[in-house]
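Reviewing the structure listed below.
In what follows, chains carry the letters A, B, and so on, assigned in the order in which the sequence lines appear, proteins first and then strands, with residues in each chain numbered from 1.
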There are 2 protein chains.
Amino acid sequence: MAISFTEENYLKVIHRLSEATSEDISTNAVAELMQTKAASVTDMLRKLAEKGWVNYQKYQGVRLSVEGEKIALSIVRKHRLWEVFLVDKMGFNWDEVHEIAEQLEHIESDQLINKLDEYLGFPKTDPHGDPIPNKEGILPELAYSHLSDIKATKTCKLMGVAQDSAVFLQLLTKLNLSLGAKLDIQEINEFDRSIFVSINDASPIFISHEVAKNILVKILA
Amino acid sequence: MAISFTEENYLKVIHRLSEATSEDISTNAVAELMQTKAASVTDMLRKLAEKGWVNYQKYQGVRLSVEGEKIALSIVRKHRLWEVFLVDKMGFNWDEVHEIAEQLEHIESDQLINKLDEYLGFPKTDPHGDPIPNKEGILPELAYSHLSDIKATKTCKLMGVAQDSAVFLQLLTKLNLSLGAKLDIQEINEFDRSIFVSINDASPIFISHEVAKNILVKILA
DNA sequence: AATAATTTTTAGATTAACCTAAAAAATAAA
DNA sequence: TTTATTTTTTAGGTTAATCTAAAAATTATT
């Protein structure tokens, strides 16, 4: 069935909200991410439900149907593969690619996206460490920890970020924090929950709790 | 000023029609290429004129303004660069890329298109031999002959095609006619204007006038 | 449990891009 | 130069996606 860019964006947003919770997604939550009004969302949810892509009962919130989930994952797949292309092949920085990928994710051609996947060497994650769903729409669950959740002095590897905003990514770049960076936690301060950490064996610096919350790491030792 | 996909497509179509003639473009001609009705075209032409992208007087036809020409050429540039990408990097055949490029040409990012240009090695023509406008929107005029216009037994090189339809391109592929192919004209038949020609030194075959009209060549000898 | 606050939905409009049918203008033919 | 034909425009409507304002349902608070 034909799908519009707008419908694709709604499915993508509902999918993103569903990842964070097992509860139904509220109209307001969708409205906020779609940067639109709740009334518009209500209209669209009814339409998406008619097309069979979401389960929606009025006043009860919404969730993706199996079919809707499939569509959402194919958009995520396209978005993340294009991000890899933009960084690996076009030479963009990781904080510059989100907006362009938002456009490219709507290009419709299974053949193209599978050829692109191959051309990029079947990458497992995008430049922010987010996993890329495969052709069958299966998204490997990567169980990484939030740096902010770590309670002891450990050595970790930066595997991803929980936020794609340019300001955040630029801050990480300034701190020399990129995918794969080694983090030696020296101290965790109870007072402001800031972390004193050495990055790639450099002299340790302070990282705020706010930043640590958005950094995903694998614990090495 | 903001521009919609639809507006971009109208400007592209008006540009294409303007290349073939120096006269003003008729509403009906635009309607046919846009696959829409004349009444819809009238509405859009008024809108495009208000935005300053075309010069339009009712009942007098339309032509691009300087600004409109600039926009149209930037779309053509994007379309043709993406076609090169699809063929050279993604491994598509020249008859498979038009529809995908129709989507990709609307991606908005000057940075991306200039990086893509560089990545592809600043190609001069697309996979069909059509010239690619440069960053400044200047389209090099390539003066090639239509194979059908050649009146004597000559040796030529295939430089482009005047049509991008998949059926036509697939026929050329079947005849072993690709960009750069050598054509030795053996005979031109007065009766049906068909051409008896050797392709890359193979044994000569007949090519219809209809096909020859859509083949662009450089005369070598 | 009743009331207050919040969330969500309905009702009615708006805009972009399209449509059909009819009117008007331009062009071609008698 | 009238008349006929074709082209183009106008008038009025439709659909998708949005909006504001008001009504209804849900949730939270006394």
Side-chain angles (χ1 to χ4, degrees), chain A residues 1-14 17-18 20-64 68 71-72 75 102-103 105-106 108, chain B residues 1-14 17-18 20-64 68 71-72 75 102-103 105-106 108:
Chain A
M1 200 189 308
I3 185 166
S4 70
F5 282 18
T6 308
E7 289 167 340
E8 289 193 346
N9 284 332
Y10 270 94
L11 294 179
K12 191 181 60 165
V13 156
I14 297 166
L17 291 165
S18 301
T21 174
S22 59
E23 318 224 319
D24 290 3
I25 306 306
S26 75
T27 302
N28 264 353
V30 175
E32 195 183 350
L33 275 195
M34 284 297 297
Q35 310 209 72
T36 186
K37 297 298 153 79
S40 311
V41 175
T42 300
D43 283 353
M44 182 55 85
L45 294 185
R46 186 180 299 114
K47 196 169 111 186
L48 293 175
E50 262 167 39
K51 294 198 173 190
W53 297 329
V54 301
N55 298 112
Y56 167 66
Q57 305 271 91
K58 60 171 155 168
Y59 294 104
Q60 300 315 139
V62 69
R63 48 178 43 201
L64 293 175
I71 296 170
I75 301 164
E102 291 275 301
Q103 299 181 58
E105 72 191 5
H106 299 294
E108 193 187 293
Chain B
M1 197 189 311
I3 186 166
S4 70
F5 283 18
T6 307
E7 289 168 338
E8 289 193 344
N9 285 332
Y10 271 93
L11 293 179
K12 192 180 61 164
V13 156
I14 297 167
L17 291 165
S18 301
T21 174
S22 59
E23 318 224 319
D24 291 4
I25 306 307
S26 75
T27 302
N28 264 353
V30 175
E32 195 184 349
L33 275 194
M34 284 298 298
Q35 310 210 74
T36 185
K37 296 300 154 77
S40 310
V41 174
T42 299
D43 283 353
M44 182 54 84
L45 293 185
R46 187 181 298 114
K47 196 169 111 186
L48 294 174
E50 262 167 40
K51 294 198 172 191
W53 297 329
V54 300
N55 298 112
Y56 165 67
Q57 305 269 90
K58 62 171 152 167
Y59 294 106
Q60 302 312 139
V62 69
R63 48 179 42 202
L64 293 175
I71 297 169
I75 301 163
E102 291 275 301
Q103 299 180 59
E105 71 189 6
H106 299 294
E108 194 187 291

Checklist entry - Taking everything shown except Glu102(A) itself, do over 12 heavy atoms lie less than 6.0 Å from its CD? => result yes

Checklist entry - If you measure from the Lys or Arg side-chain nitrogens to the Asp or Glu carboxylate oxygens, is any gap between Lys12(B) and Glu7(B) under 4.0 Å? => result no

Item to check | Ion pair check, Glu23(B) and Arg63(B), cut-off under 4.0 Å | outcome: no

Using atom [atom1] of [X] as one end and atom [atom2] of [N] as the other, report the distance to the nearest whole Å.
| X | N | atom1 | atom2 | answer |
| --- | --- | --- | --- | --- |
| Phe5(A) | dT18(D) | CZ | C1' | 18 Å |
| Met44(B) | dC19(C) | CE | C1' | 14 Å |
| Glu7(A) | dA16(D) | CD | P | 9 Å |
| Lys51(B) | dT15(C) | NZ | C1' | 12 Å |

Checklist entry - Between Lys37(A) and dT20(D), does any side-chain N or O lie under 4.0 Å from OP1 or OP2? => result yes

So, [X] side chain and [Y] main chain: donor-acceptor pair closer than 3.5 Å or not?
| X | Y | value |
| --- | --- | --- |
| Thr36(B) | Glu32(B) | no |
| Gln103(A) | Glu108(B) | yes |
| Ser18(B) | Ile14(B) | yes |

Nucleotides 6-13 of chain C: which of its N/O atoms have a protein N/O under 3.5 Å away?
unit_1, atom_1, unit_2, atom_2, d
dT8(C), OP2, Asn28(A), N, 2.9
dT8(C), OP2, Asn28(A), ND2, 3.2
dT9(C), OP1, Tyr56(A), OH, 2.3
dT9(C), OP1, Tyr59(A), N, 2.8
dT9(C), OP2, Thr27(A), OG1, 2.9
dT9(C), OP2, Thr42(A), OG1, 2.8
dT9(C), OP2, Tyr56(A), OH, 3.4
dT9(C), O4', Tyr59(A), OH, 3.3
dT10(C), OP1, Lys58(A), NZ, 2.6
dT10(C), OP2, Arg46(A), NH2, 2.2

